[in-house]
Amino acid sequence: MSPEPTVSTERFDRLTLAHDASHYLLIPEAVAAPASISELSALIHRAKRTGHGLTFRAGGTSLSGQAVSDGLLADTRRHFGQITVLDEGARVRVQPGAVVRHVNARLAPYRAKIGPDPASDGACTLGGVLANNSSGMLCGTDFNSYRTLERMTVLLPSGTVLDTGAADAEERLRALEPDLYAGLLRLRDRVRGNPESMRIIAHQFSMKNTMGYGLNSFTDFDSATDILAHLMIGSEGTLGFIAEATLRTVPVYPQVSTGLLVFDSLSAAMTALPALVDSGLATVELMDAQSLRVARALRNSPAMIRNLDVANHAALLVEQHAPTTEELIERLRTTEAVTAALPLVGPAEMTTDAATRASLWTVRKGLYAAVAEARPQGTTAMLEDVVVPVPSLLAACESLTELFDRYAYPAAVIFGHAKDGNVHFLLNEEFGADVQRYTDFTEDMVQLILGLGGSLKAEHGTGRIMAPFVRRQYGDELTEVMIEVKRLFDPDGVLNPGVLLNEDSESHISNLKTTAPVEEEVDRCVECGFCEPVCPSRDLTLTPRQRIVARRELVAARARGDDELVAELSERYEYAGNDTCAADGMCSTACPVSIDTGDLARRLRGDRHHAVAGGAWRAAATAWAPFTGAGSLALTAAAAAPGAATAASELGRRLLGSDQVPRYDRGLPAGGPPRQGWRAPNAEVVWFDACIQTMFGPEDGQQPLARAVEELFRRAGIAVRTPSRLPGLCCGTPWSSKGMQAGHRAMARRTVAALVDASDQGRLPIVCDAASCTEGLLKSAHTAAGGAGDSQPELQILDLVGYTRNELLPRLAITTRLPSVALHPTCSSRQLGLDDDLRAIAEAVADEVVVPTAWGCCGFAGDRGLLHPELTAAATAPEAAEVTAREFSAYASLNRTCEIGMTRATGRPYQHILQLLAEATR
């Protein structure tokens with residue numbers, strides 16, 4: 001028997017992994033993170049032995065309840081993330097833990113992507129995409145997983161592993177699984193021999209349809225292995241585990257034009273739909289009147305929406321894609337001929353401008369965020385999808401609107417993929433003791449969609465929410481075929497029980513998730529999981545979603561009086577929730593409602609710091625120059641005697657705690673040079689030389705950054721000054737990251753006052769040479785302004801990388817170029833919008849510039865990398881593996897601590913990009 005992976009039954013682990021994006025909640029009896037197919041096979045045997053079900057969980061972005069379980073929950077994202085591009089991008093082989101956006105990033109150099117394009121592509125994984133047969137805005141029914149699948153490796157509940165693309169796959173299936181082999185062929189003939197079954201299947205699968213099993217497998221394919229492979233698509237983890245799949249890709253056309261067509265009514269928009277579709281548009285996205293009302297308040301919403309006095313209006317967001325400029329122009333002529341005859345409100349302007357296109361997509365993609373963020377406290381934002389034949393789309397939308405009014409869902413919106421007859425509706429519901437309103441609404445909605453010849457699930461999967469209605473949609477005969485499919489694959493019924501097929505008529509209103517008020521960040525969270533792929537601690541402790549879940553479960557345990565659970569959650573949260581949170585803000589960049597769980601971590605850290613620690617950091621704020629100088633000297637001394645320094649740091653960590661004493665190791669550099677003052681009377685710019693350059697010197701053989709910057713300013717002919725008493729100033733991040741608000745305010749006031757003076761009351765721009773410190777200065781300026789009222793002038797605070805691209809680079813002559821550079825943007829550079837500037841400088845000094853597709857925040861996070869180096873090790877592992885797969889001429893970033901983190905992870909000497917620029921311009 002295969003070795004069983006570590007299985008945890010601790011409540012902390014079970015609770016933090018229990019929640020997914022759906023409105024269902026089941027607490028697993030155990031959780032595991034299997035690292036191989038053999039370990040997964042052992043988990044299946046365990047489930048059979050214990051009588052508990054087994055559910056596979058990857059991204060956890062499912063909205064229909066497929067990824068929650070009261071049995072054994074297996075996290076398949078962590079160890080199943082491989083991506084292999086084949087045939088110059090014509091095909092791609094993926095494992096189920098690979099995130100869709102990461103797959104497409106690997107395919108981008110080949111101008112290709114996978115067919116499915118779900119809106120959750122930044123978080124959802126190929127496991128979920130395949131298991132749900134997900135589609136999206138461009139995908140339709142032609143390019144979904146079912147249509148683009150070439151082969152897969154599947155683990156069956158019996159333990160059999162089958163590669164359906166192998167030459168002997170059919171013989172292996174017949175030999176190893178004779179009952180399954182014969183049963184699939186028997187069901188094929190049963191379906192094909194029933195004209196009514198053939199009619200229903202042809203109709204249902206002419207639309208987007210993820211309701212029930214993919215019975216079109218029996219009509220589209222003849223061999224048992226082909227039928228098996230395509231039944232696995234959309235099976236929601238109930239038939240087996242898709243360990244690997246090879247998909248044919250689709251081309252990415254570089255020429256794109258986008259436009260927003262506004263009509264005075266939904267009827268007018270739907271009347272125009274056939275002509276628009278016939279014009280060859282790649283996307284036609286519908287937004288109803290309530291959607292437009294919500295969109296008016298969205299940041300970056302176009303003027304034509306902001307200025308629209310919405311009554312009964314509707315809009316269609318449309319796009320044309322083409323391989324060449326000439327072909328795009330020709331397609332746009334066709335579109336313009338159609339739109340010229342339409343009764344539009346305002347002009348039909350198609351644009352290729354990237355910023356304008358992004359603004360237009362803000363309208364469509366921002367709807368979920370806007371409605372979810374504005375939902376009443378304690379309610380759940382429910383996003384559902386249905387599909388009807390396109391001629392029935394108007395009737396479906398009008399009737400859904402009537403249902404919203406009848407059942408008092410005033411904020412509900414309708415939007416979706418009009419070209420496919422597939423719409424989503426979003427409403428807020430409070431699942432308390434009485435769910436009658438939701439039950440009655442669901443019944444009326446089911447009657448409506450089925451009465452129009454539609455499907456109750458278009459692309460989100462059947463899940464738990466629609467499992468009781470499969471028989472209503474397909475009838476008894478085809479439902480019995482589905483039941484037989486499940487029995488053939490999984491005779492013990494251990495895989496994801498209760499999902500996709502469920503004869504309990506009330507199962508869709510069982511195990512509903514409720515949310516109680518907790519904290520500001522927590523209450524806004526919809527548990528979608530979009531934050532998880534960008535979180536540095538995702539493979540070490542908790543993700544932002546899990547941190548929020550833990551806070552919710554802690555409040556619920558207190559309310560129940562479960563003191564034992566309160567103690568367990570509180571104790572485990574200190575390390576998993578607080579100590580190993582990088583507080584880098586990356587979660588807010590992916591969160592649909594812009595939650596920064598770092599704010600929560602900083603506040604909780606501030607609450608737990610006792611008076612002695614708080615006093616020490618307040619004292620440091622008044623004596624920062626001696627503090628940084630001592631730190632620099634200590635690192636220099638440690639570099640001379642690394643063994644003794646390591647032993648001393650380990651002793652201190654044991655005595656005082658790992659979150660108080662940094663860990664020293666040989667990967668840390670010696671201290672850097674002291675900060676120097678510059679007071680040019682005719683200065684054009686103020687240079688804030690960050691203190692981390694003094695704390696941490698360069699790698700061996702590298703020039704200190706301060707000397708490189710000085711050299712670049714002089715070579716460009718730009719006079720520079722620094723603030724007075726510079727060695728005692730700081731951006732404030734060391735205090736804010738620890739939640740030390742008093743110390744942060746003190747340092748912010750002192751530093752900002754010095755910057756105001758040095759910049760001639762804000763006349764001169766201020767540039768900082770470390771991205772995280774630039775971000776910290778911006779926050780300090782805001783903090784100081786809050787205490788200064790209207791008396792503080794506005795400061796121009798810039799990062800030196802952005803300033804260099806715009807001001808220094810045009811004045812410099814490149815004398816030598818490198819063959820290649822591996823580039824590591826940082827969380828701060830991404831949030832400050834510096835990544836393009838960073839790349840531009842790198843491209844000026846190197847022939848090839850590579851930002852790894854596995855890029856992520858390094859997790860060094862100020863002192864987190866010193867206190868908890870395991871966080872940095874976990875955060876950098878994927879990127880480091882990609883970087884070390886080849887050799888580069890140089891390795892660069894734009895923040896000293898991040899450079900240290902990447903040097904540790906890769907064994908390659910990272911340095912600031914301006915150090916390379918100084919070398920290239922000598």
One thing to verify: whether Asp659 and Arg864 come together as a salt bridge, which I'm taking to mean a side-chain N less than 4.0 angstrom from a carboxylate O.
yes
Start with the C-alpha gap between Arg375 and Asp523, add the side-chain angles, then the distance that decides, and say whether salt bridge (Lys or Arg N to Asp or Glu O under 4.0 Å) holds.
CA-CA 10 Å; Arg375 74 191 190 281; Asp523 294 345; over 6 Å; no
Determine the interplanar angle of the Tyr575 and His868 rings, folded into 0 to 90°, and report it as parallel if under 30°, tilted if 30 to 60°, perpendicular if over 60°.
perpendicular
Does Ser737 offer a backbone N or O that forms a donor-acceptor pair with the side chain of Arg605 under 3.5 Å?
yes
Looking just at side-chain N and O atoms, do Thr541 and Thr580 make a donor-acceptor pair shorter than 3.5 Å?
yes
Is the terminal nitrogen or CZ of Arg750 (NZ for Lys, CZ for Arg) located under 6.0 angstrom from the six-membered ring centre of Trp624 and within 45° of that ring's axis?
no
For Gln703 and Ala918 the tightest heavy-atom approach is OE1-CB, 4.2 Å
Smallest separation among heavy atoms of Ala892 and Leu916, with atom names
CB-CD1, 3.7 Å
Do the rings of Phe713 and Tyr803 sit parallel, tilted or perpendicular, given the 30° and 60° boundaries?
tilted
Has the side chain of Ser829 got a donor or acceptor atom that lies under 3.5 Å from a matching backbone atom of Pro825?
no
Quick one: list whatever passes side-chain contact (heavy atoms from CB on, under 4.5 Å) with Thr722, sequence neighbours left out.
Trp678, Trp687, Leu726
Hey, are Glu699 and Arg896 close enough for a salt bridge, meaning a charged N less than 4.0 Å from a carboxylate O?
yes
Could you please spell out the steps behind the side-chain contact (heavy atoms from CB on, under 4.5 Å) verdict for Thr906 and Tyr891?
CA-CA 10 Å; Thr906 64; Tyr891 305 83; 5.6 Å; no
Work out which heavy atom in Val549 is nearest to a heavy atom in Thr16; give both atom names and the distance.
CG1-CA, 4.0 Å
Side-chain touch Met902/Phe860, heavy atoms, less than 4.5 angstrom:
no
Can you tell whether the side chains of Glu10 and Arg14 come within less than 4.0 Å, N to carboxylate O?
no
Count the heavy atoms belonging to other residues, nucleotides or ligands that lie under 6.0 Å from CG of Asn806, then report whether that count exceeds 12.
yes
Are Thr826 and Asn895 linked by a side-chain donor-acceptor pair shorter than 3.5 Å?
no
Could you tell me which non-hydrogen atom of Pro662 sits nearest to which non-hydrogen atom of Leu867, and how far apart they are?
N-CD2, 3.7 Å
So that I can tick it off, tell me whether Asp863 and Lys738 are bridged by a salt bridge, with the cut-off set at under 4.0 angstrom between side-chain N and carboxylate O.
yes
Are the charged groups of Asp835 and Arg830 less than 4.0 angstrom apart, N to O?
yes
Quick one: are Leu565 and Phe12 in side-chain contact, heavy atoms under 4.5 Å?
no
Option from Leu894, Leu712, Leu808 for which side chain to side chain contact (heavy atoms under 4.5 Å, CB included) with Leu914 holds
Leu712
Answer yes or no: is there a donor N or O on one side and an acceptor on the other, between the side chain of Ser632 and the main chain of Gly629, under 3.5 Å?
no
So, Glu879 and His824: side-chain donor and acceptor under 3.5 Å apart, yes or no?
yes
Quick one about Ser724 and Arg679 (side-chain donor to acceptor, distance below 3.5 Å, no hydrogens or angles considered), yes or no?
no
Between the side chain of Arg908 and the main-chain N/O of Thr903, is any donor-acceptor distance below 3.5 Å?
no
Identify the two heavy atoms, one from Ala123 and one from Val99, that lie closest to each other, and give their separation to 0.1 Å.
N-CG1, 4.0 Å
Stepwise side-chain contact (heavy atoms from CB on, under 4.5 Å) check, Arg805 with Leu838:
CA-CA 8 Å; Arg805 181 193 183 182; Leu838 176 65; over 6 Å; no
Ring of Tyr664, cation from Arg653 - is the NZ or CZ under 6.0 Å from the centre and inside 45° of the axis?
no
Min side-chain heavy-atom separation Arg763-Gln796 under 4.5 Å
no
Close side-chain approach of Leu635 and Pro669, heavy atoms under 4.5 Å:
no
Sorted by chain and residue number, the side-chain contact (heavy atoms from CB on, under 4.5 Å) partners of Val522 (sequence neighbours excluded) come out as Val518, Glu519, Ile548, Arg551, Arg552, Leu600
Where do Ala770 and Ala690 come nearest, in terms of heavy atoms and distance?
CB-CB, 4.0 Å
Is Arg602 paired with Asp599 through a side-chain N to carboxylate O contact shorter than 4.0 Å?
yes
Apply side-chain hydrogen bond (donor to acceptor under 3.5 Å, both in side chains) to the pair Thr543 and Glu532, showing each step before the final yes or no.
CA-CA 5 Å; Thr543 66; Glu532 294 190 328; 2.7 Å; yes
Does the Thr597 side chain pair with the main chain of Pro544, one donor and one acceptor, at a distance under 3.5 Å?
no
Would you say that more than 12 heavy atoms from the other residues, nucleotides or ligands in this model lie under 6.0 Å from the CD of Glu520, or not?
yes
Check: Ser759 and Leu795 side chains under 4.5 Å, non-hydrogen atoms
yes
Please walk me through it: do Cys535 and Cys587 pass side-chain contact (heavy atoms from CB on, under 4.5 Å)?
CA-CA 6 Å; Cys535 177; Cys587 48; 5.9 Å; no
Whether the side chain of Ser537 engages the backbone of Leu542 through a donor-acceptor N/O pair (distance < 3.5 Å, no angle test) should be reported.
yes
Side-chain (Arg904) to main-chain (Gly865) donor-acceptor, under 3.5 angstrom:
yes
Would you say that Ser780 contacts Met747 through its side chain, given a criterion of any heavy-atom pair below 4.5 Å between the two side chains?
no
Is Asp13 salt-bridged to Arg572, cutoff N-O under 4.0 Å?
yes
Ser588/Gln831 under side-chain contact (heavy atoms from CB on, under 4.5 Å): CA gap, chis, key distance, verdict:
CA-CA 10 Å; Ser588 67; Gln831 295 185 72; 4.1 Å; yes
Identify, with sequence neighbours excluded, every residue that meets side-chain contact (heavy atoms from CB on, under 4.5 Å) alongside Pro878.
Arg538, Ala854
